[in-house]
There are 2 protein chains.
Amino acid sequence: MTEDDDLAALCAGAGRSLAEAERPVLDQHGLSMWQYVVLSALSAGAVPSQLVLAQQIRYDKTRLIALLDTLEAAGLVAREPDPADRRARVVRLTSEGSRRHAAVRDAIREVEERKLAGLSPETRRQLRSALAHLANSD
Amino acid sequence: MTEDDDLAALCAGAGRSLAEAERPVLDQHGLSMWQYVVLSALSAGAVPSQLVLAQQIRYDKTRLIALLDTLEAAGLVAREPDPADRRARVVRLTSEGSRRHAAVRDAIREVEERKLAGLSPETRRQLRSALAHLANSD
DNA sequence: TATTGTTATACTCTATAACTATA
DNA sequence: TATAGTTATAGAGTATAACAATA
């Protein structure tokens, strides 16, 4: 993995390296990567439907169902029918889900901090900015 | 996908965005992403064994076999037993494989160029450097 | 008629173990 | 006995189509 590789290969390598470093943390908290992604998305606020949530995290809506089933059974999220459109189900974090997400997020930030060691604050800021630019330039 | 997301999520988002943009190019040239990764690795020179190649690109050695079968049938790579250790097979690009890789690489660089539009040369350099740092900090 | 949530099914990708031939 | 390549198989992950309830 050197700097003259394709950018996609570099992103994949960095992403895989980060995911490997974060896996033990997630295991320790009994969450899969996708479950954590769902909690993170919901930590910004409740979502009006499962379909919206699926699109937001770029996950298949049919696979999201089993994921939410598990999280609901664990008491971390709640699904309630939308009074305005009874087809849709509002999804939100429970208070326990909120606590759990905050704990995992903090632990993951520590891991990222270790991986970023050696990069200046300015470099880190530019890295995040550039990655966000790439992710949104469709 | 915003800048305060987890770094792993940002990498994944950028990587997915790049992969989606490159897919049409690879399709057009009749190559899968992993086939292209193999050609790229071999473009730096022949590799002494399939096992070494698998480790180099972080791909499962058992899955690599079918991949090489296809590439060999297409005339893009060649496998020859190593005279020094007849268990091992040296893998190298054919001249056609070399041509094909160069063509795809150029097309992919054009795509990346489009995705990177708006980022200064210095920012691009720092991005590659930071990603390489993350990928190699184990 | 279209949409949300859901289930079932098939398909792909990936990991594991076992076999062969060489060392 | 250990290793490179290979094959087969089982498991996880993913995509597609179809159905019930509601709009």
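Lettering follows sequence order; numbering is per chain, from 1.
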Among [options], which nucleotide sits nearest the side chain of [X]?
X: Arg87(B); options: dT6(C), dA23(C), dT6(D); value: dA23(C)
X: Leu51(B); options: dT4(C), dA15(C), dG5(D); value: dG5(D)
X: Gln50(B); options: dG5(D), dT14(D), dT7(D); value: dG5(D)
X: Ser49(A); options: dG5(D), dT6(C), dT4(C); value: dT4(C)

Rounded distance (Å) that lies between atom [atom2] of [N] and atom [atom1] of [X]:
X: Asp60(B); N: dA17(C); atom1: CG; atom2: P; result: 12 Å
X: Met33(A); N: dA12(D); atom1: CE; atom2: C1'; result: 16 Å
X: Lys61(B); N: dT7(D); atom1: NZ; atom2: P; result: 13 Å
X: Asp82(A); N: dT4(C); atom1: CG; atom2: C1'; result: 11 Å
X: Ile65(B); N: dT14(C); atom1: CD1; atom2: P; result: 15 Å
X: Arg89(A); N: dA20(D); atom1: CZ; atom2: P; result: 18 Å
X: Leu64(A); N: dT4(C); atom1: CG; atom2: P; result: 13 Å

Problem set entry | Among Arg89(A), Arg92(A), Arg86(A), salt bridge (charged side-chain N to carboxylate O under 4.0 Å, His left out) partner for Glu80(A) |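 That would be Arg92(A); it is the only one of Arg89(A), Arg92(A), Arg86(A) passing the salt bridge (charged side-chain N to carboxylate O under 4.0 Å, His left out) with Glu80(A).
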
Problem set entry | Under 4.0 angstrom between Arg63(B) side-chain N/O and dC13(C) OP1 or OP2 |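 So the side-chain polar atoms of Arg63(B) never come under 4.0 Å of the phosphate oxygens OP1 or OP2 of dC13(C).
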
Exercise. Between the base of dT22(C) and the side chain of Arg86(B), is there a donor-acceptor distance below 3.5 Å?
Worked result: no

Exercise. Strictly under 6.0 Å, is that where the ring centroids of Tyr36(A) and His29(A) end up?
Worked result: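 No, ring centres 6.0 Å or more apart.
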
Problem set entry | Step-by-step side-chain contact (heavy atoms from CB on, under 4.5 Å) determination, Leu67(A) to Arg63(A) | CA-CA 7 Å; Leu67(A) 208 60; Arg63(A) 280 183 286 151; over 6 Å; no

Exercise. Side chains of Ser43(A) and Ser40(A): do they bring a donor and an acceptor to under 3.5 Å?
Worked result: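 No - no donor-acceptor pair under 3.5 Å links their side chains.
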
